[in-house]
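Below you'll find the structure, written out as structure tokens, and then a few comments.
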Amino acid sequence: MKDRIRYLLADAARKAHQAGALPSDVFPGIEIEEPKIEAHGDYATNFAMVMAKNQKMAPRRIAEILTAHLDGAEDLIAETAIAGPGFINFHIQPAAWAPLLKAIPAAGERFGAADIGQGRKVQVEFVSSNPTGPLHVGHGRGAAVGDAVANILAFCGYDVQREYYINDSGRQIRTLGLSVLLRYKALLGQAVDFPEDCYQGAYIRELARELHDRHGETLLAQEEEAALMSSARFAAEKIIAGIRQDLIDFGVTFDQWFSEQSLYDSGRVAACIQSFRDTGQVYEKDGALWFKTTACGDEKDRVVVRGDGRTTYFASDIAYHQEKFERGFERVIDVWGADHHGYIPRIKASVASAGIDPDRFEVILVQLVNLLRGGAPVAMSTRAGEFVTLQDVVNEVGRDAARFIFLTRHYANPLDFDLEVAKQKSNDNPVYYVQYVHARIASIRRKAANMPAGPVDDADPAGLACLDTPEDVALIKHLVRYPAVVTAAARQMEPHRITFYLMNLAGAFHSYYNKQRVLVDDPVTSHGRLYLVTAVQTVIRNGLTLLGVSAPERM
RNA sequence: GCGCCUGUAGCUCAGCUGGAUAGAGCAACGGACUUCUAAUCCGUAGGUCGCAGGUUCGAGUCCUGCCAGGCGUACCA
């Protein structure tokens with residue numbers, strides 16, 4: 001619809017210039033917007049105001065000239081008006097709306113998609129929780145955001161790969177191994193001193209029991225280092241398997257699980273460091289090896305190899321991100337917790353050092369989740385092992401409610417997640433409000449199948465012509481907006497735009513439902529309205545699918 | 001100190017990359033079920049968009065400076 005108006009305006013501007021009414025033939029881009037106020041019409045443009053300087057004319061005068069040269073628009077535009085400092089407002093013919101619906105069943109589950117990716121390869125890396133414990137709610141938000149962003153980009157024509165990076169190397173894995181090994185020894189009757197910096201959670205004891213089930217008492221006979229590594233490997237594998245299952249239960253799957261350790265095993269980290277030595281991007285100071293990240297805007301240089309010869313976490317990160325780009329991704333997107341924001345400059349610096357445009361590396365920083373129960377904060381201490389796991393939350397409130405709520409805020413804002421509210425099947429809980437639309441329409445369609453209203457999936461011009469009440473038009477206008485919302489969500493990587501759109505569309509539908517009966521005595525009207533609500537159902541389902549939320553037939 | 005994020009109705013938040021008179025939900029108050037699902041709808045009320053400047057025809061939106069809150073600022077991961 002906007003494109004048609006844009007075309008008409010461009011045509012009018014050209015004709016006005018040819019007729020000598022406009023001095024310049026240089027025209028700015030045409031922005032069409034939807035006014036907030038109904039009296040300002042269905043669409044409006046600031047076109048006349050934007051070109052005022054160039055044309056050296058008053059905006060309102062230009063608007064008059066433009067509207068006078070609008071041509072061939074009678075069946076589309078009922079009325080134009082010039083308002084304020086020079087807006088042109090367009091009132092669309094009520095009958096012009098309904099035919100737009102035909103695009104929805106025509107595209108079906110692809111409705112809303114625009115090919116802005118054009119097959120370009122994008123990687124979205126998310127969750128990537130350390131395999132030292134189960135996922136908690138914060139990871140759940142990252143999972144919901146990452147998965148939805150990946151869905152949206154894929155829907156919009158990108159070739160998307162989802163990846164989970166496993167930090168299965170370094171000191172924390174040793175700590176995990178030690179924690180489990182100590183609990184294992186205690187289990188076998190040895191007196192052990194359990195240090196405070198070991199993982200305290202109950203799941204560590206559980207892992208120790210499983211370690212015993214698998215290996216019996218054989219680890220006691222091994223040397224300390226060997227036993228520790230056995231314990232660490234066993235525990236990490238178990239935990240990763242648990243994380244993978246938790247994510248499956250949450251509706252999230254990955255194309256690849258990438259091991260940090262593999263970067264060391266393949267010699268990739270060492271090669272990376274060597275190449276930086278060769279190109280002089282690293283230097284020695286105080287016995288350590290430093291990377292010149294300040295050259296790319298970081299506030300200080302960063303250590304890649306410590307004085308004791310061990311590499312830092314940053315070293316493998318450098319190698320990892322270079323490896324990503326070598327795999328051919330045009331864009332590499334990492335979803336991180338907001339507490340990691342300080343790492344962006346150094347990773348960007350490392351990417352730039354490898355001769356890659358750092359803008360191709362993007363980070364989505366997801367703010368933290370405050371878990372509440374009935375308004376009261378739930379204790380979340382990782383160190384003490386007291387935290388509510390993602391699995392607990394999914395079991396308690398359900399996958400759909402959890403995922404939807406995670407996406408009801410811009411990710412840059414902290415989120416209060418109240419378990420009691422998430423369980424409520426009321427207006428407080430928007431997921432049911434949206435899903436209810438789908439179920440209600442499914443119910444109408446079931447009923448219609450038993451009526452002589454005829455087939456509903458073909459557009460009947462007479463039926464469409466019945467869709468001319470203000471309620472019909474309001475609903476159609478909502479549906480027409482959907483593709484633009486998807487495009488904006490993809491460009492900005494902001495899934496919450498779809499969430500809010502769906503809540504608004506749901507409101508428009510529920511309102512319609514209470515005002516207009518779909519199945520009425522007149523079969524032609526019934527047909528038209530059934531066609532309309534079926535289109536609503538399709539858009540609701542498409543949107544929910546992008547968010548990873550189900551669209552139920554019954555509730 | 002420095003860096004990033006945030007500040008919009010009593011509460012929780014949107015605001016389509018600068019448009020016209022500021023938008024929802026919750027909470028409050030008053031209404032609507034003999035009907036395709038009341039997990040719904042309709043109405044009333046609620047605002048100095050943190051503060052102060054600046055940019056221009058026009059600012060919640062962009063720029064600068066303050067104020068407040070969160071997070072970060074390791075040869076930790």
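Quick caveat, the model's predicted, so the values are computed rather than measured. What you see below is based on every heavy atom in this structure, not just the backbone, and it leaves out hydrogens, waters and symmetry mates.
- Looking at heavy-atom distances under 4.0 Å, A:Ala52 makes no contact with the nucleic acid at all.
- A:Gln424 comes within 4.0 angstrom of nothing in the nucleic acid, heavy atoms only.
- In this view, A:Arg174 and A:Glu225 satisfy the side chain to side chain donor-acceptor pair (under 3.5 Å) rule, not counting sequence neighbours.
- Within the nucleic acid shown, A:Ala484 has no heavy atom closer than 4.0 Å to any nucleic acid atom.
- Using a 4.0 Å heavy-atom cutoff across all strands shown, A:His40 reaches at least one base atom of the nucleic acid.
- Base contact: A:Asn89 has a heavy atom under 4.0 Å from a base atom.
- Using a 4.0 Å heavy-atom distance criterion, A:Tyr432 is classed as a base contact.
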Under 3.5 Å, which donor-acceptor pairs link side chains of residues 484-493 of chain A to any protein atom two or more places apart or in another chain?
{"unit_1": "A:Thr487", "atom_1": "OG1", "unit_2": "A:Pro483", "atom_2": "O", "d": "3.0"}

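- At the heavy-atom level, A:Gln516 lies under 4.0 Å from base atoms of the strands shown.
- Contacts between residues 396-407 of chain A and RNA chain B, defined by a heavy-atom separation under 4.0 Å, are absent.
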| task | Determine, for nucleotides 71-77 of chain B in 5'-to-3' order, which nucleotides have protein heavy atoms under 4.0 Å from the base (write B), from only the sugar-phosphate (write S), or from neither (write -). | result | BSS-BBB
| said: I'd like to compare against my own output: the B/S/- annotation of nucleotides 54-60 of chain B with a strict under-4.0 Å heavy-atom distance to protein. | reply: -------
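- Base engagement by A:Ser443 is indicated by at least one non-hydrogen atom pair under 4.0 Å involving a base atom.
- Ion pairing of A:Lys2 with A:Glu34 is present here, as a side-chain N (NZ or NE/NH1/NH2) and a carboxylate O approach within less than 4.0 Å.
- Residue-nucleotide stacking is not present for A:His496 and B:rA14, judged by a side-chain ring centre under 5.5 Å from the six-membered base ring centre and planes under 30° apart.
- Consecutive Watson-Crick or G-U pairing (both distances under 3.5 Å) extending over three or more pairs maps onto RNA chain B as B:1-7 with B:67-73, B:10-13 with B:23-26, B:28-32 with B:40-44, B:50-54 with B:62-66.
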